[in-house]
Amino acid sequence: MSKPAAAFQAAASAYVGERETRAFLRQSLAGYLAQRRTGEERFQDWEEARVAASAAKGEALDYLDRYLADFLTRIEKRGTRVFFARDAARARERVVEIVREHDAKCIVKSKSMTGEEIDLSETLEHLGYEVVETDLGEYIVQLRGERPFHIVAPAMHLRREEIRELFAGKIGPEAGRSAEPEALTMDARRAIRRKYLEADIGISGVNFAVAETGQICVCTNEGNGRLSTSLPRVHIAVMGLEKLVPNLDDLALLLPMLATAGTGQHLTGYTTIIGGPRQPGEADGPEEFHLIILDNGRTALLADDEQRDALHCIRCGACIYMCPIFKNIGGHSYGTTYMGPIGSVITPHLRGLEEWRHLPSSSSLCGACTETCPVRIDLHHHLLHNRRNAAAAHPAPLEKLALRAYGWLAGRPALFSLAGKLGKLALRAFSPLLGTALDPARGWTRCRALPEPPRQSFREWWKTHEPEPASERDDDDEE
Ligand code: SF4
(Lines give C-alpha, C1' and ligand atoms only; values in the text may rest on other atoms or scores of the structure.)
Protein backbone atom coordinates (compact mmCIF):
# COMPACT_ATOMS: atom_id res chain seq x y z
CA MET A 1 0.00 0.00 0.00
CA SER A 2 1.37 3.45 -0.93
CA LYS A 3 2.02 6.03 1.80
CA PRO A 4 -0.90 8.28 0.74
CA ALA A 5 -3.18 5.20 0.63
CA ALA A 6 -2.22 4.19 4.18
CA ALA A 7 -2.73 7.76 5.43
CA PHE A 8 -6.09 7.90 3.65
CA GLN A 9 -7.25 4.66 5.23
CA ALA A 10 -6.20 5.72 8.72
CA ALA A 11 -7.77 9.19 8.47
CA ALA A 12 -11.00 7.92 6.87
CA SER A 13 -11.40 5.17 9.51
CA ALA A 14 -10.93 7.70 12.29
CA TYR A 15 -13.43 10.16 10.79
CA VAL A 16 -16.07 7.51 10.16
CA GLY A 17 -16.08 6.75 13.89
CA GLU A 18 -16.83 10.40 14.78
CA ARG A 19 -20.61 10.31 14.66
CA GLU A 20 -21.21 13.83 16.02
CA THR A 21 -18.77 15.39 13.58
CA ARG A 22 -20.44 13.59 10.71
CA ALA A 23 -23.86 14.72 11.90
CA PHE A 24 -22.61 18.33 12.01
CA LEU A 25 -21.28 18.01 8.47
CA ARG A 26 -24.60 16.62 7.21
CA GLN A 27 -26.39 19.54 8.87
CA SER A 28 -24.13 22.07 7.11
CA LEU A 29 -24.72 20.30 3.80
CA ALA A 30 -28.51 20.45 4.22
CA GLY A 31 -28.29 24.27 4.25
CA TYR A 32 -26.26 24.22 1.05
CA LEU A 33 -28.75 21.94 -0.72
CA ALA A 34 -31.72 24.16 0.09
CA GLN A 35 -29.92 27.24 -1.24
CA ARG A 36 -28.68 25.42 -4.29
CA ARG A 37 -32.23 24.43 -5.29
CA THR A 38 -33.39 28.04 -5.03
CA GLY A 39 -30.36 29.11 -7.07
CA GLU A 40 -31.15 26.68 -9.88
CA GLU A 41 -34.73 27.92 -10.03
CA ARG A 42 -33.46 31.38 -10.96
CA PHE A 43 -32.29 29.97 -14.30
CA GLN A 44 -34.79 29.75 -17.11
CA ASP A 45 -33.51 26.24 -17.81
CA TRP A 46 -30.71 24.94 -15.62
CA GLU A 47 -30.20 21.84 -17.78
CA GLU A 48 -29.81 23.92 -20.92
CA ALA A 49 -27.36 26.14 -19.09
CA ARG A 50 -25.31 23.05 -18.16
CA VAL A 51 -25.17 22.00 -21.79
CA ALA A 52 -24.05 25.48 -22.88
CA ALA A 53 -21.46 25.72 -20.08
CA SER A 54 -20.00 22.36 -21.01
CA ALA A 55 -19.85 23.41 -24.67
CA ALA A 56 -18.06 26.68 -23.80
CA LYS A 57 -15.40 24.88 -21.78
CA GLY A 58 -15.11 22.18 -24.46
CA GLU A 59 -14.61 24.81 -27.18
CA ALA A 60 -11.79 26.47 -25.19
CA LEU A 61 -10.04 23.13 -24.70
CA ASP A 62 -10.52 21.89 -28.27
CA TYR A 63 -8.85 25.03 -29.64
CA LEU A 64 -6.63 25.77 -26.65
CA ASP A 65 -3.63 26.75 -28.81
CA ARG A 66 -5.63 29.44 -30.61
CA TYR A 67 -7.45 30.80 -27.55
CA LEU A 68 -4.30 30.80 -25.48
CA ALA A 69 -2.43 32.74 -28.18
CA ASP A 70 -5.26 35.33 -28.37
CA PHE A 71 -5.35 35.65 -24.60
CA LEU A 72 -1.58 36.10 -24.29
CA THR A 73 -1.34 38.70 -27.08
CA ARG A 74 -3.95 40.84 -25.37
CA ILE A 75 -2.87 40.53 -21.75
CA GLU A 76 0.84 40.96 -22.53
CA LYS A 77 0.11 44.06 -24.58
CA ARG A 78 -1.00 45.76 -21.36
CA GLY A 79 2.27 44.94 -19.63
CA THR A 80 1.49 41.60 -17.91
CA ARG A 81 4.52 39.34 -17.51
CA VAL A 82 3.49 35.77 -18.28
CA PHE A 83 5.37 32.67 -17.24
CA PHE A 84 4.53 29.08 -18.18
CA ALA A 85 5.29 26.57 -15.42
CA ARG A 86 5.42 22.95 -16.53
CA ASP A 87 5.10 21.69 -12.95
CA ALA A 88 4.52 22.76 -9.37
CA ALA A 89 8.23 23.12 -8.59
CA ARG A 90 8.80 25.53 -11.49
CA ALA A 91 5.75 27.60 -10.52
CA ARG A 92 6.98 27.87 -6.91
CA GLU A 93 10.47 28.85 -8.06
CA ARG A 94 9.10 31.64 -10.23
CA VAL A 95 6.99 33.05 -7.38
CA VAL A 96 10.00 32.97 -5.06
CA GLU A 97 12.13 34.75 -7.71
CA ILE A 98 9.58 37.56 -7.96
CA VAL A 99 9.27 37.82 -4.18
CA ARG A 100 13.07 38.05 -3.86
CA GLU A 101 13.39 40.59 -6.69
CA HIS A 102 11.11 42.92 -4.71
CA ASP A 103 12.69 42.18 -1.37
CA ALA A 104 9.20 41.46 -0.06
CA LYS A 105 8.48 40.69 3.59
CA CYS A 106 4.73 40.41 3.80
CA ILE A 107 2.45 38.74 1.24
CA VAL A 108 -1.33 38.76 1.20
CA LYS A 109 -3.05 35.94 -0.59
CA SER A 110 -6.62 35.55 -1.76
CA LYS A 111 -8.09 32.05 -2.07
CA SER A 112 -6.37 29.97 -4.74
CA MET A 113 -6.73 26.23 -5.09
CA THR A 114 -3.98 26.30 -7.72
CA GLY A 115 -1.81 27.93 -5.04
CA GLU A 116 -2.75 25.06 -2.71
CA GLU A 117 -1.92 22.58 -5.46
CA ILE A 118 1.66 23.86 -5.65
CA ASP A 119 2.06 24.29 -1.84
CA LEU A 120 2.72 27.97 -2.32
CA SER A 121 2.00 29.34 1.16
CA GLU A 122 4.00 26.58 2.87
CA THR A 123 6.96 27.21 0.57
CA LEU A 124 6.98 30.96 1.20
CA GLU A 125 6.47 30.56 4.95
CA HIS A 126 9.28 28.04 5.05
CA LEU A 127 11.55 30.64 3.47
CA GLY A 128 10.65 33.10 6.21
CA TYR A 129 8.06 35.29 4.47
CA GLU A 130 4.88 36.30 6.22
CA VAL A 131 1.93 34.97 4.21
CA VAL A 132 -1.56 36.05 5.22
CA GLU A 133 -4.57 34.23 3.80
CA THR A 134 -7.30 36.84 3.33
CA ASP A 135 -10.31 34.64 2.58
CA LEU A 136 -12.11 34.12 5.89
CA GLY A 137 -12.26 30.33 5.62
CA GLU A 138 -8.64 30.09 4.45
CA TYR A 139 -7.57 32.45 7.25
CA ILE A 140 -9.25 30.21 9.81
CA VAL A 141 -7.61 27.02 8.55
CA GLN A 142 -4.26 28.82 8.26
CA LEU A 143 -4.49 29.83 11.94
CA ARG A 144 -5.20 26.18 12.77
CA GLY A 145 -2.29 24.97 10.63
CA GLU A 146 -4.68 22.90 8.51
CA ARG A 147 -5.43 22.38 4.85
CA PRO A 148 -8.86 23.40 3.48
CA PHE A 149 -11.62 20.90 4.28
CA HIS A 150 -13.47 21.73 1.05
CA ILE A 151 -12.34 23.68 -2.02
CA VAL A 152 -15.08 26.32 -1.69
CA ALA A 153 -15.75 26.23 2.05
CA PRO A 154 -12.35 25.57 3.66
CA ALA A 155 -13.59 25.82 7.26
CA MET A 156 -17.02 24.19 6.91
CA HIS A 157 -16.06 21.51 9.44
CA LEU A 158 -15.73 24.00 12.27
CA ARG A 159 -18.39 25.20 14.66
CA ARG A 160 -18.67 28.90 15.52
CA GLU A 161 -17.51 28.32 19.08
CA GLU A 162 -14.35 26.60 17.86
CA ILE A 163 -13.61 29.60 15.63
CA ARG A 164 -14.26 32.02 18.50
CA GLU A 165 -11.78 30.17 20.70
CA LEU A 166 -9.26 30.09 17.87
CA PHE A 167 -9.51 33.85 17.29
CA ALA A 168 -9.26 34.63 20.99
CA GLY A 169 -6.11 32.53 21.22
CA LYS A 170 -4.42 33.53 17.96
CA ILE A 171 -5.51 37.09 17.14
CA GLY A 172 -5.48 38.55 20.63
CA PRO A 173 -7.72 39.63 23.50
CA GLU A 174 -9.67 42.05 21.29
CA ALA A 175 -10.94 39.12 19.20
CA GLY A 176 -13.22 36.17 19.94
CA ARG A 177 -15.61 38.00 22.24
CA SER A 178 -18.66 36.62 20.47
CA ALA A 179 -19.36 33.53 18.39
CA GLU A 180 -21.86 35.37 16.18
CA PRO A 181 -20.81 35.10 12.50
CA GLU A 182 -20.82 38.90 12.05
CA ALA A 183 -18.56 39.40 15.08
CA LEU A 184 -16.17 36.66 13.96
CA THR A 185 -16.01 38.14 10.46
CA MET A 186 -15.20 41.56 11.93
CA ASP A 187 -12.45 40.04 14.11
CA ALA A 188 -10.80 38.54 11.03
CA ARG A 189 -11.34 41.69 8.98
CA ARG A 190 -9.68 43.94 11.55
CA ALA A 191 -6.66 41.62 11.68
CA ILE A 192 -6.35 41.21 7.91
CA ARG A 193 -7.05 44.83 6.85
CA ARG A 194 -3.77 45.99 8.42
CA LYS A 195 -1.92 43.42 6.35
CA TYR A 196 -3.22 44.69 3.01
CA LEU A 197 -1.48 47.99 3.73
CA GLU A 198 1.76 46.34 4.88
CA ALA A 199 1.95 43.79 2.07
CA ASP A 200 4.52 44.14 -0.70
CA ILE A 201 2.94 41.47 -2.87
CA GLY A 202 -0.58 40.15 -3.41
CA ILE A 203 -1.16 36.63 -4.73
CA SER A 204 -4.43 35.43 -6.21
CA GLY A 205 -5.84 32.51 -8.13
CA VAL A 206 -7.84 32.81 -11.34
CA ASN A 207 -11.42 31.61 -11.76
CA PHE A 208 -11.63 32.32 -15.48
CA ALA A 209 -9.41 33.80 -18.19
CA VAL A 210 -11.14 35.37 -21.19
CA ALA A 211 -9.38 34.90 -24.53
CA GLU A 212 -11.47 37.54 -26.33
CA THR A 213 -10.38 40.37 -24.03
CA GLY A 214 -7.16 39.10 -22.44
CA GLN A 215 -8.49 39.43 -18.89
CA ILE A 216 -8.60 37.24 -15.83
CA CYS A 217 -11.54 37.02 -13.46
CA VAL A 218 -11.34 36.47 -9.69
CA CYS A 219 -14.51 35.67 -7.70
CA THR A 220 -14.72 36.20 -3.94
CA ASN A 221 -17.44 36.82 -1.40
CA GLU A 222 -15.57 39.15 0.91
CA GLY A 223 -13.86 41.60 -1.42
CA ASN A 224 -10.52 40.22 -0.31
CA GLY A 225 -9.60 39.28 -3.88
CA ARG A 226 -9.96 42.88 -4.99
CA LEU A 227 -7.91 44.23 -2.09
CA SER A 228 -5.18 41.58 -2.48
CA THR A 229 -4.80 42.27 -6.18
CA SER A 230 -4.93 46.07 -6.16
CA LEU A 231 -3.36 47.40 -2.94
CA PRO A 232 0.13 45.80 -2.98
CA ARG A 233 2.64 47.09 -5.55
CA VAL A 234 2.97 43.67 -7.18
CA HIS A 235 0.25 41.17 -8.07
CA ILE A 236 1.02 37.53 -8.91
CA ALA A 237 -1.83 35.38 -10.25
CA VAL A 238 -1.46 31.61 -10.47
CA MET A 239 -3.73 30.01 -13.04
CA GLY A 240 -4.28 26.44 -14.23
CA LEU A 241 -4.20 26.48 -18.02
CA GLU A 242 -7.72 25.01 -18.20
CA LYS A 243 -9.22 28.25 -16.86
CA LEU A 244 -9.53 29.75 -20.31
CA VAL A 245 -12.95 30.55 -21.82
CA PRO A 246 -13.43 31.91 -25.34
CA ASN A 247 -15.35 35.14 -24.70
CA LEU A 248 -17.28 37.40 -22.34
CA ASP A 249 -20.61 35.73 -23.19
CA ASP A 250 -19.20 32.48 -21.85
CA LEU A 251 -18.03 34.29 -18.74
CA ALA A 252 -21.53 35.75 -18.28
CA LEU A 253 -22.93 32.21 -18.33
CA LEU A 254 -20.28 30.59 -16.15
CA LEU A 255 -20.21 33.20 -13.37
CA PRO A 256 -23.78 32.57 -12.14
CA MET A 257 -23.34 28.84 -12.66
CA LEU A 258 -20.25 28.83 -10.48
CA ALA A 259 -22.03 30.80 -7.76
CA THR A 260 -25.20 28.69 -7.93
CA ALA A 261 -23.43 25.33 -7.89
CA GLY A 262 -20.83 26.47 -5.35
CA THR A 263 -22.92 28.25 -2.72
CA GLY A 264 -26.45 28.67 -4.06
CA GLN A 265 -25.83 32.37 -4.67
CA HIS A 266 -26.85 34.19 -7.84
CA LEU A 267 -23.36 35.66 -8.17
CA THR A 268 -20.43 35.75 -5.78
CA GLY A 269 -20.25 38.99 -3.79
CA TYR A 270 -17.34 40.38 -5.78
CA THR A 271 -16.31 39.68 -9.36
CA THR A 272 -12.98 41.29 -10.19
CA ILE A 273 -11.80 41.47 -13.79
CA ILE A 274 -8.14 42.27 -14.33
CA GLY A 275 -6.47 42.99 -17.66
CA GLY A 276 -2.96 43.91 -16.55
CA PRO A 277 -1.05 46.17 -14.15
CA ARG A 278 -2.07 49.78 -13.54
CA GLN A 279 -2.16 51.65 -16.86
CA PRO A 280 -1.01 55.28 -17.33
CA GLY A 281 -3.69 57.60 -16.00
CA GLU A 282 -5.34 54.92 -13.82
CA ALA A 283 -5.65 55.56 -10.09
CA ASP A 284 -5.67 51.96 -8.82
CA GLY A 285 -3.89 48.72 -9.40
CA PRO A 286 -0.46 47.21 -8.94
CA GLU A 287 2.68 48.49 -10.66
CA GLU A 288 3.53 44.97 -11.81
CA PHE A 289 1.32 42.05 -12.71
CA HIS A 290 2.77 38.55 -13.15
CA LEU A 291 0.65 35.71 -14.46
CA ILE A 292 1.90 32.17 -13.90
CA ILE A 293 0.16 29.59 -16.09
CA LEU A 294 0.45 26.12 -14.62
CA ASP A 295 0.48 22.85 -16.53
CA ASN A 296 1.35 20.28 -13.83
CA GLY A 297 -0.14 17.32 -15.71
CA ARG A 298 -2.96 19.21 -17.42
CA THR A 299 -1.67 18.83 -21.00
CA ALA A 300 -1.34 15.07 -20.44
CA LEU A 301 -4.97 15.01 -19.32
CA LEU A 302 -5.89 17.11 -22.34
CA ALA A 303 -4.34 14.45 -24.57
CA ASP A 304 -6.49 11.75 -22.92
CA ASP A 305 -9.58 11.56 -25.16
CA GLU A 306 -11.48 9.55 -22.58
CA GLN A 307 -11.09 11.92 -19.63
CA ARG A 308 -10.17 15.33 -21.00
CA ASP A 309 -13.57 16.76 -20.03
CA ALA A 310 -12.31 16.64 -16.42
CA LEU A 311 -10.53 19.87 -17.41
CA HIS A 312 -13.94 21.55 -17.79
CA CYS A 313 -14.06 21.78 -14.00
CA ILE A 314 -14.80 25.27 -12.66
CA ARG A 315 -14.01 24.23 -9.06
CA CYS A 316 -17.51 24.90 -7.73
CA GLY A 317 -17.18 22.06 -5.22
CA ALA A 318 -20.74 20.79 -5.81
CA CYS A 319 -19.72 17.20 -6.57
CA ILE A 320 -17.87 17.12 -3.25
CA TYR A 321 -20.92 18.28 -1.30
CA MET A 322 -23.05 15.60 -2.96
CA CYS A 323 -20.62 12.72 -2.51
CA PRO A 324 -21.76 10.15 0.11
CA ILE A 325 -18.13 9.24 0.74
CA PHE A 326 -17.14 12.85 1.49
CA LYS A 327 -20.08 13.08 3.88
CA ASN A 328 -18.69 10.16 5.84
CA ILE A 329 -14.93 10.65 5.72
CA GLY A 330 -14.63 14.46 5.52
CA GLY A 331 -12.35 16.53 3.33
CA HIS A 332 -9.05 16.08 5.16
CA SER A 333 -8.99 12.29 4.83
CA TYR A 334 -8.22 12.45 1.12
CA GLY A 335 -4.84 14.13 1.78
CA THR A 336 -5.10 15.99 -1.52
CA THR A 337 -5.77 19.56 -2.65
CA TYR A 338 -8.85 18.48 -4.56
CA MET A 339 -11.01 16.14 -2.53
CA GLY A 340 -14.19 14.22 -3.41
CA PRO A 341 -15.11 12.95 -6.88
CA ILE A 342 -13.27 15.58 -8.93
CA GLY A 343 -10.16 15.07 -6.77
CA SER A 344 -10.32 11.31 -7.23
CA VAL A 345 -10.57 11.82 -10.98
CA ILE A 346 -7.77 14.38 -11.48
CA THR A 347 -5.32 13.67 -8.65
CA PRO A 348 -4.04 10.43 -10.22
CA HIS A 349 -3.35 12.49 -13.35
CA LEU A 350 -1.77 15.46 -11.56
CA ARG A 351 0.21 13.54 -8.94
CA GLY A 352 0.60 10.07 -10.41
CA LEU A 353 -1.59 6.98 -10.55
CA GLU A 354 1.00 4.88 -8.75
CA GLU A 355 0.65 6.63 -5.38
CA TRP A 356 -2.95 7.82 -5.71
CA ARG A 357 -4.64 4.82 -7.29
CA HIS A 358 -6.68 4.20 -4.13
CA LEU A 359 -8.70 7.41 -4.62
CA PRO A 360 -11.03 6.26 -7.44
CA SER A 361 -12.18 3.46 -5.14
CA SER A 362 -13.39 6.00 -2.58
CA SER A 363 -16.68 6.26 -4.42
CA SER A 364 -20.00 4.47 -4.34
CA LEU A 365 -20.37 5.18 -8.10
CA CYS A 366 -23.88 6.43 -7.37
CA GLY A 367 -23.50 9.14 -10.01
CA ALA A 368 -24.74 12.02 -7.80
CA CYS A 369 -21.54 13.90 -8.67
CA THR A 370 -22.16 13.67 -12.42
CA GLU A 371 -25.76 14.73 -11.97
CA THR A 372 -24.88 17.84 -10.00
CA CYS A 373 -21.87 19.02 -12.01
CA PRO A 374 -22.72 22.34 -13.72
CA VAL A 375 -20.38 21.58 -16.63
CA ARG A 376 -21.55 17.96 -17.00
CA ILE A 377 -18.29 16.18 -16.35
CA ASP A 378 -18.87 12.44 -16.52
CA LEU A 379 -17.32 12.01 -13.10
CA HIS A 380 -18.47 8.57 -12.05
CA HIS A 381 -17.42 7.02 -15.34
CA HIS A 382 -14.01 8.68 -15.02
CA LEU A 383 -13.72 7.13 -11.59
CA LEU A 384 -14.35 3.77 -13.24
CA HIS A 385 -11.76 4.57 -15.91
CA ASN A 386 -9.22 5.34 -13.19
CA ARG A 387 -10.09 2.12 -11.39
CA ARG A 388 -9.60 0.20 -14.61
CA ASN A 389 -6.23 1.92 -15.21
CA ALA A 390 -5.17 1.21 -11.64
CA ALA A 391 -6.18 -2.45 -11.93
CA ALA A 392 -4.28 -2.80 -15.21
CA ALA A 393 -1.14 -1.34 -13.65
CA HIS A 394 -1.50 -3.33 -10.42
CA PRO A 395 -3.45 -6.54 -10.93
CA ALA A 396 -4.88 -7.82 -7.65
CA PRO A 397 -4.61 -11.63 -7.91
CA LEU A 398 -6.83 -12.31 -4.89
CA GLU A 399 -9.62 -10.07 -6.16
CA LYS A 400 -9.35 -11.66 -9.57
CA LEU A 401 -9.54 -15.11 -8.05
CA ALA A 402 -12.55 -14.14 -5.93
CA LEU A 403 -14.38 -12.75 -8.96
CA ARG A 404 -13.57 -15.86 -10.99
CA ALA A 405 -14.88 -18.03 -8.17
CA TYR A 406 -18.05 -15.93 -8.02
CA GLY A 407 -18.46 -16.21 -11.79
CA TRP A 408 -18.08 -19.99 -11.57
CA LEU A 409 -20.62 -20.22 -8.74
CA ALA A 410 -23.12 -17.88 -10.40
CA GLY A 411 -23.11 -20.14 -13.45
CA ARG A 412 -24.30 -23.12 -11.37
CA PRO A 413 -27.80 -22.33 -10.03
CA ALA A 414 -28.05 -25.21 -7.57
CA LEU A 415 -24.69 -24.48 -5.96
CA PHE A 416 -25.39 -20.72 -6.00
CA SER A 417 -28.64 -21.26 -4.16
CA LEU A 418 -26.93 -23.52 -1.60
CA ALA A 419 -24.21 -20.91 -1.03
CA GLY A 420 -26.91 -18.27 -0.44
CA LYS A 421 -28.60 -20.48 2.16
CA LEU A 422 -25.30 -21.17 3.94
CA GLY A 423 -24.50 -17.43 3.94
CA LYS A 424 -27.89 -16.69 5.53
CA LEU A 425 -27.29 -19.32 8.22
CA ALA A 426 -23.84 -17.90 8.95
CA LEU A 427 -25.29 -14.37 9.30
CA ARG A 428 -27.91 -15.64 11.75
CA ALA A 429 -25.34 -17.61 13.73
CA PHE A 430 -23.05 -14.61 14.11
CA SER A 431 -25.71 -12.01 14.86
CA PRO A 432 -25.62 -12.53 18.72
CA LEU A 433 -21.89 -11.73 18.58
CA LEU A 434 -22.30 -8.44 16.72
CA GLY A 435 -20.91 -5.50 18.62
CA THR A 436 -19.13 -7.76 21.15
CA ALA A 437 -15.38 -8.40 21.41
CA LEU A 438 -15.96 -11.73 19.61
CA ASP A 439 -17.64 -10.05 16.64
CA PRO A 440 -15.87 -11.47 13.56
CA ALA A 441 -16.97 -8.44 11.47
CA ARG A 442 -15.83 -5.83 14.04
CA GLY A 443 -14.04 -3.75 11.41
CA TRP A 444 -17.34 -3.32 9.60
CA THR A 445 -19.83 -3.18 12.46
CA ARG A 446 -17.83 -0.58 14.46
CA CYS A 447 -19.39 2.15 12.35
CA ARG A 448 -22.02 0.44 10.21
CA ALA A 449 -25.00 -1.84 10.76
CA LEU A 450 -24.72 -5.30 9.24
CA PRO A 451 -27.68 -6.01 6.95
CA GLU A 452 -30.42 -8.19 8.40
CA PRO A 453 -30.45 -11.62 6.70
CA PRO A 454 -33.43 -11.55 4.32
CA ARG A 455 -36.33 -13.86 5.16
CA GLN A 456 -36.39 -15.28 1.66
CA SER A 457 -34.03 -15.08 -1.29
CA PHE A 458 -35.07 -13.45 -4.53
CA ARG A 459 -35.36 -16.87 -6.15
CA GLU A 460 -37.77 -18.02 -3.41
CA TRP A 461 -39.79 -14.81 -3.73
CA TRP A 462 -39.89 -15.17 -7.51
CA LYS A 463 -41.41 -18.65 -7.27
CA THR A 464 -44.55 -17.16 -5.68
CA HIS A 465 -44.69 -13.93 -7.70
CA GLU A 466 -43.72 -15.02 -11.18
CA PRO A 467 -46.29 -13.59 -13.63
CA GLU A 468 -48.09 -15.99 -15.90
CA PRO A 469 -46.72 -16.25 -19.42
CA ALA A 470 -48.26 -13.65 -21.77
CA SER A 471 -50.01 -16.25 -24.01
CA GLU A 472 -51.96 -17.78 -21.06
CA ARG A 473 -53.05 -14.28 -19.91
CA ASP A 474 -54.39 -13.50 -23.41
CA ASP A 475 -56.40 -16.72 -23.39
CA ASP A 476 -57.93 -15.77 -20.02
CA ASP A 477 -58.88 -12.34 -21.35
CA GLU A 478 -60.69 -13.86 -24.31
CA GLU A 479 -62.75 -16.07 -22.02
S1 SF4 B 1 -16.29 18.50 -11.26
FE2 SF4 B 1 -18.11 19.72 -11.66
S3 SF4 B 1 -19.20 19.72 -9.70
FE4 SF4 B 1 -17.10 19.04 -9.26
S5 SF4 B 1 -16.03 20.90 -8.68
FE6 SF4 B 1 -15.72 20.63 -10.88
S7 SF4 B 1 -17.34 21.80 -11.86
FE8 SF4 B 1 -17.93 21.56 -9.74
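Note that ligands are numbered from 1 as they come in the structure, with each ligand's atoms numbered from 1 the same way. This structure is a prediction, so every number in the text was calculated from the model and none was measured.
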Checking K243 now: which residues fulfil salt bridge (charged side-chain N to carboxylate O under 4.0 Å, His left out) with it, not counting sequence neighbours? none

Look at ligand 1 and say whether T372 reaches it with a heavy atom at a distance under 4.0 Å. no

Check E242 with R315, please: is the shortest side-chain N to carboxylate O separation under 4.0 Å? yes

Inspect the contact between R81 and E97 and indicate whether a charged nitrogen and a carboxylate oxygen are less than 4.0 angstrom apart. no

Ring-face cation of R226 near Y270 (centre distance under 6.0 Å, axis angle within 45°): no

Looking at M339 and T337, what are the two nearest heavy atoms and their distance? CE-O, 3.6 Å

Only one of Y338, F149, Y321 passes ring pair (Phe, Tyr, Trp, His ring centres under 6.0 Å) with F326; say which it is. F149

Assign the ring pair F289 / H235 to parallel, tilted or perpendicular, where the plane angle (0 to 90°) is split at 30° and 60°. parallel

Strictly under 2.8 Å of atom 6 (Fe) of ligand 1: which protein N/O/S atoms qualify? C313 SG

Once you restrict to heavy atoms under 4.0 Å, what part of I320 touches ligand 1? Side chain, backbone, both or neither. neither

